[in-house]
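Here the structure is laid out as C-alpha cells; the discussion comes afterwards.
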Number of protein chains: 2
Amino acid sequence: MPRPDWIAADWGTSRLRVWAMAPDGTPLAGARSDDGMARLAPEAFEPALLGLVSPWLAGPATIPVVISGMAGARQGWREAPYRPVPCTPLGPEMLTFDGIDPRLAVAIVPGLSQARPADVMRGEETQIAGLLAAAPGFDGIACLPGTHTKWAQISADEVVGFQTCMTGELFALLSGQSVLRHSVGATGWNAAGFAEAVDDAIGSPQKIAARLFGLRAEALLSGLAPDVARARLSGLLIGLDLAASRPYWLGQEIVLIGEGRLAGHYAEALAAQGAAVREADATEITLAGLRAARALLARKGWP
Amino acid sequence: MPRPDWIAADWGTSRLRVWAMAPDGTPLAGARSDDGMARLAPEAFEPALLGLVSPWLAGPATIPVVISGMAGARQGWREAPYRPVPCTPLGPEMLTFDGIDPRLAVAIVPGLSQARPADVMRGEETQIAGLLAAAPGFDGIACLPGTHTKWAQISADEVVGFQTCMTGELFALLSGQSVLRHSVGATGWNAAGFAEAVDDAIGSPQKIAARLFGLRAEALLSGLAPDVARARLSGLLIGLDLAASRPYWLGQEIVLIGEGRLAGHYAEALAAQGAAVREADATEITLAGLRAARALLARKGWP
C-alpha cells in the first residue's frame, strides 16, 4: 500500500474508525477499535489513534488527520465548540492542532447546536455534508438512526433545524436492564408485532407508559414469545420517536443514513406511514463528509 | 416483648419487611432486610425470613406467617397463581404450606391479573384490601406510586381493572445509566421545573422522545442545573404516566398509597391537574391488608 495522502477518522462514543485515504479520496485501507470517547481521558486519544494508524506512517512526514464525532466533545480530545444552526453542516471553524507525535496534524470537525428546542449533534453534521456532496442541492430530511437518532431538516445547503430521540439507548436500557429483560429476547424478530407496535405508539403515544409493562405481563400471562416481545418493544420506541418527529417526516423527502437492522426498522416504520424513504450507506456517506471536510481545510491551506 | 400471635411480611423485589403482631393486630416490633425476591433462590427464602424473625420464635409452637408481594412470584419462594380481575383484592385462594422449620406455617397472598390489557400485580392487592378495611365501601381509584406504579379502579369491594406504568424504573435507568446521568443530579429538586415538565408531558406526550435528550442538550448549551434537570426528568416521566392513566384519575376520587418523595410528587402532579387526591400511609395500609388476609385465613381455620 502506498503511503496515504491523509487519514479520515470517525470517533464515536463507543468506537473509533479510521481510513487511509489516497489523494483522489479513495480509501486504501481501514481499521477500527473499541477506543470510543467514553473510555478515553484526553491524553489517551493520541495513543489510541496511533495504535490504529501507525502502520500507515512510514517516514517522518506529517500527515493530516481529519476527525468527526466525539473527539471534539467537552470530555473528548479537545473541545471543538458547537456551530449554531441554521448553518452549513461544515464551516471554516475547524479545530486544528499538532500531535505530540510530530507526524500528526489533527483537525476536528465541530458539531452543531440548536438553541430552541435545545439540541446538539457531533458527527452527524459530517454525514449531512456527505449527503450534500453525494446529492448536491438536496432539500428534505436526513434521518440518522442510532443510540441517539437524529432528524435534520436540510435546505439551501444548510441544516435548518434538528431533533434527537434517545431511541436506541432506551431500547438497550429497557431490553437489557429493566424488568422487561426477562421477557424480551436478545435476538429474534416478528415483523407483524413490530408493525402493530409502531402503529400503536404513533396513534396513541399517550399510552406508551402502560404499553411497556404490558410486554412483561403478556409474557407472564400468555407466554408472549421473546422474539415477538423484542420486535414490539422496538416498535413501541421507534413509533414513539416517529410520533415526536412527525414534523420531520410528514410529507417530506427523507434520506435514511444508517447501517444494519436499526436503519431497516426505521425504513419499514416510515414506509408504513406512507413516507418516501431513500436509504444511503452510512460508511460511504461518512467518508464523503470527511472528504468534504478535508477539501475545505485544504482550501484554507491546512496543514 | 410477648411472643407474637402471628407474623406479617411484605416481600418486595428488593427488600423484605416483617412485623411481630399482637392478637389484636397491633405491631409489637418490626424488622427489614435487603433480601428481596430478586436476589433469592427459592430455597433461600426460609433462611432469609428466619434471619429476621427468629428472635420472635421462643419455644417450639407453630406461628402463622402471612406474606404479601413477590414471594409468590414464579421466581419466588413458591408460586401463588394470579387471581383474575374483576375480583375482591383478597380471596380464599391463599397458598399455604409448612416451613422446613416446624415452627413456621406460611401463607402467601396471590397477586391479581388482568387479561386485556394484560397486566399483573403482586403486593398491591393486599394494600387495596387494607384501603378497603380502612375505608369500607370505598369507590374510586387507588394510585400506588413506585418502581412500577399501579392504578386500580375499585368498586363494590372489587378491583375492577388496573394499569401499570414503569415510571420509577424508567427514572432510575435514565437518571443513573443513560447519557442523561451527566446532566441529572442524584439529589436536589426544583418545583417549577417539575410542574412545567408534568404539564408538557401530559399536554404533548407525543413529544416525550425528543424532550428527554433536550435535558442533556440544555445542560451542555446553557448550563441547565442538575437539580432542575432532575425535577424535569421526574416531571416528564410522571406526566407521561398521567397521560397514560388519565381514565384512572379524570373526575375520580383518588387515594394515593405511597411513601416519601415519589408519592409527594404524584400528589403535586395530580393536584395540578385538578384531581382530588387523598394520601394514605403505605405501611399502615399494608399492615391493614395483611391483617385482613390473616382474618380471612383464620375464618378458614388456618393454620
Side-chain angles (χ1 to χ4, degrees), chain A residues 13 38 73-75 82 84 111 113-121 147-151 163-167 169-170 172-174 176-180 182 201-202 204-222 224 237-246, chain B residues 13 38 73-75 82 84 111 113-121 147-151 163-167 169-170 172-174 176-180 182 201-202 204-222 224 237-246:
Chain A
T13 299
R74 202 169 297 170
Q75 289 87 19
Y82 296 108
S113 64
Q114 177 176 275
R116 294 175 71 88
D119 216 325
V120 292
M121 65 166 66
T147 303
H148 298 158
T149 294
K150 306 281 178 184
W151 297 83
Q163 175 169 287
T164 304
C165 293
M166 294 172 55
T167 308
E169 184 160 25
L170 278 169
L173 288 171
L174 286 168
Q177 301 195 50
S178 83
V179 71
L180 301 186
H182 302 301
I202 293 181
S204 305
Q206 78 282 3
K207 294 192 179 157
I208 189 79
R211 288 286 188 268
L212 294 173
F213 188 75
L215 299 176
R216 173 67 177 148
E218 268 197 58
L220 287 167
L221 296 178
S222 49
L224 178 67
L237 296 173
I238 290 178
L240 194 68
D241 179 333
L242 264 54
S245 309
R246 190 185 294 267
Chain B
T13 299
R74 203 170 293 171
Q75 288 87 18
Y82 296 107
S113 64
Q114 176 176 275
R116 293 173 70 87
D119 216 326
V120 293
M121 65 166 65
T147 305
H148 298 156
T149 295
K150 306 281 179 185
W151 297 83
Q163 176 169 289
T164 305
C165 293
M166 295 171 56
T167 307
E169 184 161 24
L170 277 169
L173 287 172
L174 285 168
Q177 301 194 49
S178 83
V179 70
L180 302 185
H182 303 300
I202 293 182
S204 305
Q206 77 283 2
K207 294 192 180 156
I208 188 80
R211 289 286 188 268
L212 294 172
F213 189 76
L215 299 175
R216 173 66 178 150
E218 270 196 57
L220 287 167
L221 295 178
S222 48
L224 178 67
L237 296 174
I238 290 178
L240 194 67
D241 180 332
L242 264 55
S245 309
R246 190 186 293 267

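Treat the numbers as computed from the prediction; the structure is a model and nothing was measured. The figures here come from the full heavy-atom set of this structure, side chains too, leaving out hydrogens, waters and symmetry mates.
For a residue to count as touching a neighbouring chain, one of its non-hydrogen atoms must lie under 4.5 Å from one of that chain's; by this rule R74(A) touches chain B with the side chain only. At a 4.5 Å heavy-atom cutoff, the contact between R216(A) and chain B is made by side-chain atoms alone. With a 4.5 Å cut-off on non-hydrogen atoms, H148(A) touches chain B through its side chain but not through its backbone. Interface remark: E218(A) contributes backbone and side-chain atoms alike to the contact with chain B (heavy atom separation under 4.5 Å). Contact of Q75(B) with chain A is made through the side chain alone, with heavy-atom distances under 4.5 Å. The part of L170(A) that comes within reach of chain B is its side chain, from C-beta onward, which places non-hydrogen atoms under 4.5 angstrom from that chain.
The candidate from S113(A), P117(A), A217(A) with the greatest count of non-hydrogen atom pairs under 4.5 Å with chain B is A217(A). When A210(B), S222(B), S204(B), A73(B) are compared by the number of non-hydrogen pairs under 4.5 Å with chain A, A210(B) comes out ahead. Interface check for chain B: of the options E169(A), H182(A), Q163(A), the most heavy-atom pairs under 4.5 Å are formed by E169(A). Chosen from A209(A), A243(A), A172(A), P205(A), the residue pairing most often with chain B at heavy-atom distances under 4.5 Å is A209(A). Options L212(A), L220(A), D241(A) differ in how many heavy-atom pairs under 4.5 Å they form with chain B, and the most are formed by L220(A). In terms of heavy-atom pairs under 4.5 angstrom with chain A, the leader among I208(B), L224(B), V120(B) is V120(B).
Side-chain contact check for M121(B) versus T164(B): every heavy-atom pair is 4.5 Å or farther apart. Proximity of L221(B) to Q114(A): side-chain heavy atoms (C-beta onward) are nowhere separated by under 4.5 Å. Proximity of W151(B) to D119(B): side-chain heavy atoms (C-beta onward) are nowhere separated by under 4.5 Å. With a 4.5 Å cut-off on side-chain heavy atoms, T13(B) and T147(B) do not count as touching. Looking at heavy atoms from C-beta onward, L173(A) lies in side-chain contact with S178(B) at the 4.5 angstrom threshold. With contacts defined as side-chain heavy-atom distances shorter than 4.5 Å, the pair I238(B)/T167(B) qualifies.
For Q177(B), the side chain to side chain donor-acceptor pair (under 3.5 Å) partners two or more places apart in sequence, or in a different chain, are Q177(A).
Remark: I202(A) CD1 to R246(A) CZ distance equals 6.5 Å, nearest 0.5 Å.
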